[in-house]
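The block underneath contains the structure these notes are about, expressed in structure tokens.
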Amino acid sequence: MRKVVSFMHISLDGYATDENGGMDWILVDEEMFEYASDRTKEADTALYGRKTYEIMENYWPTAADQPNPTKHDIEHAHWYNQVAKVIVSRTLTDTERPHTAIISENLPDEIRLIKRQKGREIIMFGSPSLTHSLMDENLVDDLWLFINPIILGKGIQLFKNPKNKIHLHLLTSKSFASGVVCLHYEIKPGE
């Protein structure tokens with residue numbers, strides 16, 4: 001069975017966006033990109049909510065072709081253009097991008113079907129609402145939380161009213177020079 005792995009930047013008080021949906025408070029640098037890149041290479045499927053997909057689609061397809069691209073831009077653009085993408089959306093009905101599918105209904109069943117297919121990991125970047133929905137159905141296996149040194153006080157909470165208790169097992173932790181700390185948890189359903 002394939003794993004669903006969620007990568008999420010959050011504030012110290014657990015918000016994935018500020019109260020206006022903004023993410024300009026997120027700290028990212030080459031050190032973090034290098035660390036996350038090793039993990040990304042384990043996935044052959046990317047799972048996005050519509051909003052996150054639109055952000056990604058506006059940048060990554062041509063990121064490597066821009067003037068003076070970084071090593072991360074080149075590597076991640078190549079990965080992005082090759083990986084199978086699954087977008088969860090009730091409003092997006094068609095995409096002409098290759099390797100792209102849309103799930104608009106029966107989300108838990110569709111994700112279970114994808115998890116049973118051959119392949120490597122399924123990775124989610126951002127998409128807090130999608131993460132909420134999948135965690136409620138016990139469909140997220142690992143959390144990679146990049147905790148930023150900021151307290152927002154308001155915004156979209158990552159862990160908003162879960163249906164059940166969620167037990168976590170810490171696998172690794174890493175602190176970065178920026179002050180961000182990455183905690184990698186395995187979700188232990190039913191404990």
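For the numbers below, each heavy atom of this structure counts, side chains included, while hydrogens, waters and symmetry mates do not.
- One hydrophobic cluster holds both Ile151 and Met8 under the rule that ILVMFWY side chains link at heavy-atom gaps under 4.5 Å.
- Side-chain contact between Ser6 and Asp142 is absent, with no heavy-atom pair separated by less than 4.5 Å.
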### Task
Determine, stepwise, if the pair Tyr53 / Thr100 fulfils side-chain contact (heavy atoms from CB on, under 4.5 Å).
CA-CA 11 Å; Tyr53 171 72; Thr100 305; 4.2 Å; yes

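- Residues Ile55 and Ile156 do not share a hydrophobic cluster, defined by chaining ILVMFWY side chains whose heavy atoms lie under 4.5 Å apart.
- In terms of modelled atom types and a separation under 3.5 Å, the side chain of Glu137 and the main chain of Ser133 share no donor-acceptor contact.
- Nearest heavy atom pair, residue Ala77 against residue Ala63, reads CB-CB, 4.1 Å.
- When the side chains of ILVMFWY residues are joined at heavy-atom separations under 4.5 Å, either directly or via intervening members, Phe125 and Val28 end up in two distinct hydrophobic clusters.
- Rounding to the nearest 0.5 angstrom, the gap separating the CG atom in Leu130 from the CZ atom in Arg50 is 12.5 Å.
- Residue-environment remark: NE2 (His78) stays at or below the threshold of 12 foreign heavy atoms within 6.0 Å.
- Sorted pairs that involve residues 15-28 and meet side-chain hydrogen bond (donor to acceptor under 3.5 Å, both in side chains), not counting sequence neighbours, are lacking altogether.
- Asn81 and Trp60 get closest at one heavy-atom pair: ND2-O, 4.1 Å.
- Here the side chain of Asp29 pairs a donor or acceptor atom with the backbone of Glu31 at under 3.5 angstrom.
- Donor-acceptor pairing under 3.5 Å is lacking for the side chains of Tyr48 and Glu54.
- Checking side-chain atoms of Asp141 against main-chain N and O of Val4 turns up a donor-acceptor pair under 3.5 Å.
- Taking the side chain to side chain donor-acceptor pair (under 3.5 Å) definition, one finds that Asp13 meets it with Ser11, sequence neighbours left out.
- For the pair Met135 and Phe159, the minimum side-chain heavy-atom distance is below 4.5 Å.
- Remark: of the listed residues Ile87, Leu134, Thr131, Leu134 is the sole one forming a side-chain contact (heavy atoms from CB on, under 4.5 Å) with Leu47.
- Counting heavy atoms of neighbouring residues, nucleotides and ligands inside a 6.0 Å radius, atom CZ of Arg112 exceeds 12 of them.
- Residue Ile166 is not grouped with residue Leu171 when hydrophobic side chains (ILVMFWY) are merged at heavy-atom distances under 4.5 angstrom, including chains of intermediate members.
- With hydrogens and angles disregarded, a donor-acceptor distance shorter than 3.5 Å links the side chain of Trp79 to the backbone of Ala43.
- Checked by atom type and distance alone, the side chain of Lys85 pairs as donor or acceptor with a backbone atom of Val83 at under 3.5 Å.
- Taking CD1 of Ile187 as the start and OH of Tyr185 as the end, the distance is 11.5 Å to the nearest 0.5 Å.
- Ion pairing between Lys71 and Glu34 holds under the 4.0 Å rule for side-chain N and carboxylate O.
- Looking at heavy atoms from C-beta onward, Ile111 lies in side-chain contact with Ile103 at the 4.5 angstrom threshold.
- One finds the CD atom of Glu75 at 8.5 Å from the OG1 atom of Thr70 (value rounded to the nearest 0.5 Å).
- The nearest pair of heavy atoms linking Met32 to Ser178 is CE-OG, 3.7 Å.
- One distance of note links OH of Tyr80 with CG of Asp73; it measures 14.0 Å at 0.5 Å rounding.
- Linking Ile, Leu, Val, Met, Phe, Trp and Tyr whenever their side-chain heavy atoms come within less than 4.5 Å leaves Met23 and Leu145 in two separate clusters.
- No side-chain heavy atom of Leu27 sits under 4.5 Å from any side-chain heavy atom of Phe176.
- Atom NZ of Lys51 is surrounded by 12 or fewer heavy atoms from other residues, nucleotides or ligands within 6.0 Å.
- Smallest separation of non-hydrogen atoms from Ser89 and Ile102: O-CG2, 4.1 Å.
- Considering every non-hydrogen atom in both Ala64 and Pro69, the closest pair reads O-CG, 3.4 Å.
- Proximity of a side-chain donor or acceptor of His132 to a complementary backbone N or O of Gln157 within less than 3.5 Å is detected.
- The OH atom of Tyr59 lies 7.0 Å from the CD atom of Gln66; values are rounded to the nearest 0.5 Å.
- To the nearest 0.5 Å, atoms CD1 (Ile150) and NE2 (His9) are separated by 13.0 Å.
- Counting only residues at least two apart or in different chains, side-chain hydrogen bond (donor to acceptor under 3.5 Å, both in side chains) contacts with residues 118-128 comprise Arg39-Glu121, Thr52-Ser127.
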